[in-house]
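What follows is a short report on a single structure.
Quick note on labels: first sequence line is chain A, next is B, and so on, each numbered from 1. Atom set for the values below is all heavy atoms of this structure, side chains included, hydrogens, waters and symmetry mates excluded.
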There are 2 protein chains.
Amino acid sequence: MARAASTKGPTRIQREKTEAILEAALEVFATYGYRGSTLDQIAAKSGISKPNILYYFDGKETIHAKLLARLLETWLEPLEHLSDAGDPVDEICAYVGRKLAMSRDYPRESRLFANEVLQGAPRILDELAGPLKTLTDKKSALIQSWINAGKIKAIDPHHLIFSIWATTQHYADFDVQVRAVLSDKADARFEQAAEFLDTMYRATLTP
Amino acid sequence: MARAASTKGPTRIQREKTEAILEAALEVFATYGYRGSTLDQIAAKSGISKPNILYYFDGKETIHAKLLARLLETWLEPLEHLSDAGDPVDEICAYVGRKLAMSRDYPRESRLFANEVLQGAPRILDELAGPLKTLTDKKSALIQSWINAGKIKAIDPHHLIFSIWATTQHYADFDVQVRAVLSDKADARFEQAAEFLDTMYRATLTP
DNA sequence: GTCTATACTGTGATAGAC
DNA sequence: GTCTATCACAGTATAGAC
């Protein structure tokens, strides 16, 4: 691994190059998936030569793993913030808003994740069956408690969460299709989506 | 192209081999995307040698194009059936049901489409901006007329359609994740989804 | 019509000069 | 630490025997 001989850790140049490689790799992996991506593409996009990339990372697999690890750190955060502090309907709608904002601000991360899951999640299946399932079960229990208290309508909590993931990530993963269909009105797609989703989930949840 | 010298069209063997190739290719392309797939994988899965595959198809690109063409034929059918014959809410919920059934019965086709759009739809962008946009606009107008007549609640028709695509295709495209999260209850996922989606869209649409 | 053998290109990775 | 040159292999595709 790249590491200065001193005890001071990576130099500024090292950090910058590592960042440039990961930035370019995110773009490429998000577009072509793991197998469809090449080091040549990452080299071209980052402006760093192929051998130099392999000086900073052990190989293609390592770069991809690093990106996935980073992604998973932040991916579950919006759901973790779902709490019983405020009004249940508002809480869930706020979660929808946070998730939609992530699709708007981090579309490449969303597509990287989509590619991975679409291909059978070979590298993150443990994360899905472990941490993701645990968190989802916990939040489903919270939603169920709201149902039992009569604060929201009776729906299946797990499938409610699936539908939120699906509708919000759709605007990142299928962006090309959304823009093709909306054409001249495409610029306002996230504002329109925010309003539509808020309406739909309020109608679905308000008792 | 493979074609018998006679005027009788493809022989039985030719049809069978062509079908076997397309069947295997669908599996492979749906899993790895276009660039991530190889003729070796298709050859291994179909039991037909690589040169023999290239006797029946001009190349990798041609096989993929054939699969996409087939897909697009049937993909829009459920939406085309949306008509103003019955009760608007029932009509839309029936459409949701048809779309969910397609995710259950043709998950590979759904993933093939998802891979293509995720990668920027380089080979079907014209289809999206043309026929798909035309159909979507037409059905959005129908939905808008229901809104104007006070038969359903006022929501954005285009984004309603997006949400239906997202929620239903999610059960094909993110199947691994859905099963990982539901674990022991995963077998009933489509029945649960059908009920949840019916509840959600009735709540969203019923005035 | 189908197979074996092979040409040619792209890809991940390494060696060694600087 | 970074580059040029290059390797070994896998990928698509073709030629030609049968």
Nearest of dT2(C), dA13(D), dG1(D) to any side-chain atom of Gln14(A)?
-> dG1(D)

Separation of atom CG in Asn52(A) from atom P in dC18(C), rounded to whole Å | 18 Å

Looking just at side-chain N and O atoms, do Tyr201(A) and Ser163(A) make a donor-acceptor pair shorter than 3.5 Å?
-> yes

Atom CZ of Arg12(A) and atom P of dG1(D) are separated, to the nearest Å, by 14 Å

Quick note, Ser49(B) side chain, CB onward, closest among dT2(D), dG12(C), dC3(C) is dC3(C)

Out of dT2(C), dT2(D), dT4(D), which nucleotide sits closest to the side chain of Pro51(A)?
-> dT4(D)

Got a second to check how far Leu76(A)'s CG is from Thr136(A)'s OG1, nearest 0.5 Å?
-> 7.5 Å

Tell me: CG of Leu54(B) to C1' of dG11(D), nearest whole Å?
-> 11 Å

Mind checking Ile13(A) for me? I need base, sugar-phosphate or nothing, with any heavy atom below 4.0 Å counting as a touch.
-> sugar-phosphate

Counting side-chain heavy atoms from CB outward, which of dT2(C), dA13(C), dC3(D) is closest to Lys17(B)?
-> dT2(C)

Interatomic distance where OH belongs to Tyr34(A) and P belongs to dT11(C) [whole Å] | 14 Å

Give a yes or no on this: more than 12 heavy atoms of other residues, nucleotides or ligands lie within 6.0 Å of atom NZ of Lys45(A).
-> no

Rounded to the nearest angstrom, tell me the gap between atom OH in Tyr32(B) and atom P in dG11(D).
-> 11 Å

Taking atom types as modelled and ignoring hydrogens, do the side chains of His170(A) and Asp175(A) form a donor-acceptor contact shorter than 3.5 angstrom?
-> no

Cut-off 3.5 Å, side chains only: do Tyr171(B) and Ser110(B) have a donor facing an acceptor?
-> no

Name the closest nucleotide to the Tyr55(A) side chain, picking from dC3(D), dG1(D), dC3(C).
-> dG1(D)

Check: Lys50(A) side chain, dG12(C) base, donor-acceptor under 3.5 Å | yes

Whole-Å gap separating P (dT9(C)) and NZ (Lys60(B)) | 17 Å

Flag, side chain of Asp173(B) to backbone of Leu118(A), donor-acceptor distance under 3.5 Å = no

Whole angstrom is fine here: how far is it from CD1 in Ile53(A) over to P in dT4(D)?
-> 13 Å

Heavy atoms from other residues, nucleotides or ligands near CZ of Phe196(B) exceed 12 (cutoff 6.0 Å) | yes

Here the distance between atom C1' of dC3(D) and atom OH of Tyr56(A), to the nearest Å, is 12 Å

Per the under-4.0 Å heavy-atom filter, residues of residues 35-46 of chain B near DNA chain C come out as Arg35(B)

